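Along the sequence shown, residues are numbered consecutively beginning with 1. Note that the coordinates shown come from a computational prediction; the quantities given were computed from them, not determined experimentally. Every heavy atom of this structure was used, including side-chain atoms; hydrogens, water molecules and symmetry mates were not.
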Amino acid sequence: MRTFSAVSVLGIILIIAGAAPAAADTGVRVNAGLTHIGYGDFNDFVDDINYELNEYGIEMNNINWVPEIQGEVLYSPFPMFTVGLGAGIIFGSSDLNASIGGFSLDFEHEIKVYPITVTGYFKPSMPMFPLKPYIYGGAGLYHSKMSF
């Protein structure tokens, strides 16, 4: 956990450092918005729990749309190629309601995901073309934490 904290702090420092006036070959990108969590992993688990425990009055809610904030420091070693180092946070919550034998219990559980990513962008030079397509790909380390 200490290693992850140190890497997170390093990522935040790099994003802040990149916010200084940038030369022609460096930059900063900040993204914020809503991310849709499709059915898989957590939501499949919730659907299975709801199906099994429905007769007891227990219902857990899916997590579908969650806020996401990410930043990325960009560096272009060549005119058509850019490398980005990013960090961010994705978080959401859901409720679990249980009513058994006249007793009602409500629980809230939260999920937080801390991504650290490395991305490469290839932007081919296409003069006289109105669109500027690019290709990108990368890898990331995602630390997830769920609490009740």
Side-chain angles (χ1 to χ4, degrees), residues 1-54 56 58-98 105-148:
M1 185 65 183
R2 287 184 183 183
T3 302
F4 176 75
S5 296
V7 172
S8 296
V9 169
L10 177 62
I12 291 169
I13 289 171
L14 288 173
I15 290 170
I16 292 170
D25 58 354
T26 63
V28 175
R29 177 189 332 233
V30 177
N31 298 324
L34 293 176
T35 297
H36 184 264
I37 297 178
Y39 280 88
D41 296 337
F42 178 79
N43 286 332
D44 284 343
F45 166 75
V46 169
D47 290 342
D48 289 342
I49 290 291
N50 287 339
Y51 180 76
E52 295 293 330
L53 300 177
N54 190 28
Y56 300 108
I58 298 175
E59 182 180 356
M60 184 185 279
N61 298 326
N62 286 330
I63 298 177
N64 291 320
W65 290 97
V66 295
E68 175 181 10
I69 301 168
Q70 291 187 342
E72 188 174 29
V73 176
L74 302 167
Y75 174 69
S76 295
F78 308 108
M80 291 188 286
F81 185 71
T82 303
V83 177
L85 175 63
I89 183 170
I90 304 167
F91 53 93
S93 64
S94 179
D95 296 323
L96 169 65
N97 305 313
L105 299 172
D106 295 326
F107 297 97
E108 181 180 64
H109 47 281
E110 294 182 42
I111 186 167
K112 292 183 181 177
V113 180
Y114 303 96
I116 297 176
T117 59
V118 176
T119 309
Y121 300 91
F122 176 68
K123 299 174 275 190
S125 178
M126 299 177 133
M128 307 297 288
F129 193 66
L131 301 175
K132 303 294 182 199
Y134 64 93
I135 300 168
Y136 68 95
L141 172 68
Y142 293 79
H143 174 74
S144 300
K145 180 181 178 184
M146 183 172 225
S147 60
F148 289 90

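Taken to the nearest 0.5 Å, the CD1 atom of Ile90 stands 5.5 Å off from the OG1 atom of Thr35. In this structure, Lys123 NZ and Phe81 CZ are separated by 10.0 Å, a value rounded to the nearest 0.5 Å. From Ile69, atom CD1 reaches atom CG of Asn31 across 10.5 Å, with rounding to the nearest 0.5 Å.
Heavy atoms only, all atoms of each residue included: Pro115 and Gln70 are closest at CG-NE2, 3.4 Å. Listed here is the closest heavy atom pair of Ser76 and Thr82: OG-OG1, 2.9 Å. Residues Ser125 and Met80 approach most closely at N-SD, 3.3 Å, considering heavy atoms. Nearest heavy-atom pair across Tyr134 and Pro124 is CA-CD, 4.4 Å. In plain terms, the two heavy atoms of Val66 and Phe91 that are nearest each other are CB-O, 3.2 Å.
Side-chain contact check for Asp25 versus Phe78: every heavy-atom pair is 4.5 Å or farther apart. Within the 4.5 Å cutoff, side-chain heavy atoms of Thr119 are placed close to those of Glu72. The side-chain heavy atoms of Leu74 and Tyr121, taken from C-beta on, include a pair separated by under 4.5 Å.
Annotation: Tyr136, atom OH; neighbour count of heavy atoms from other residues, nucleotides and ligands within 6.0 Å does not exceed 12.
Both the sub-6.0 Å distance and the 45° axial angle are not jointly satisfied by Arg29 relative to the ring of Tyr75.
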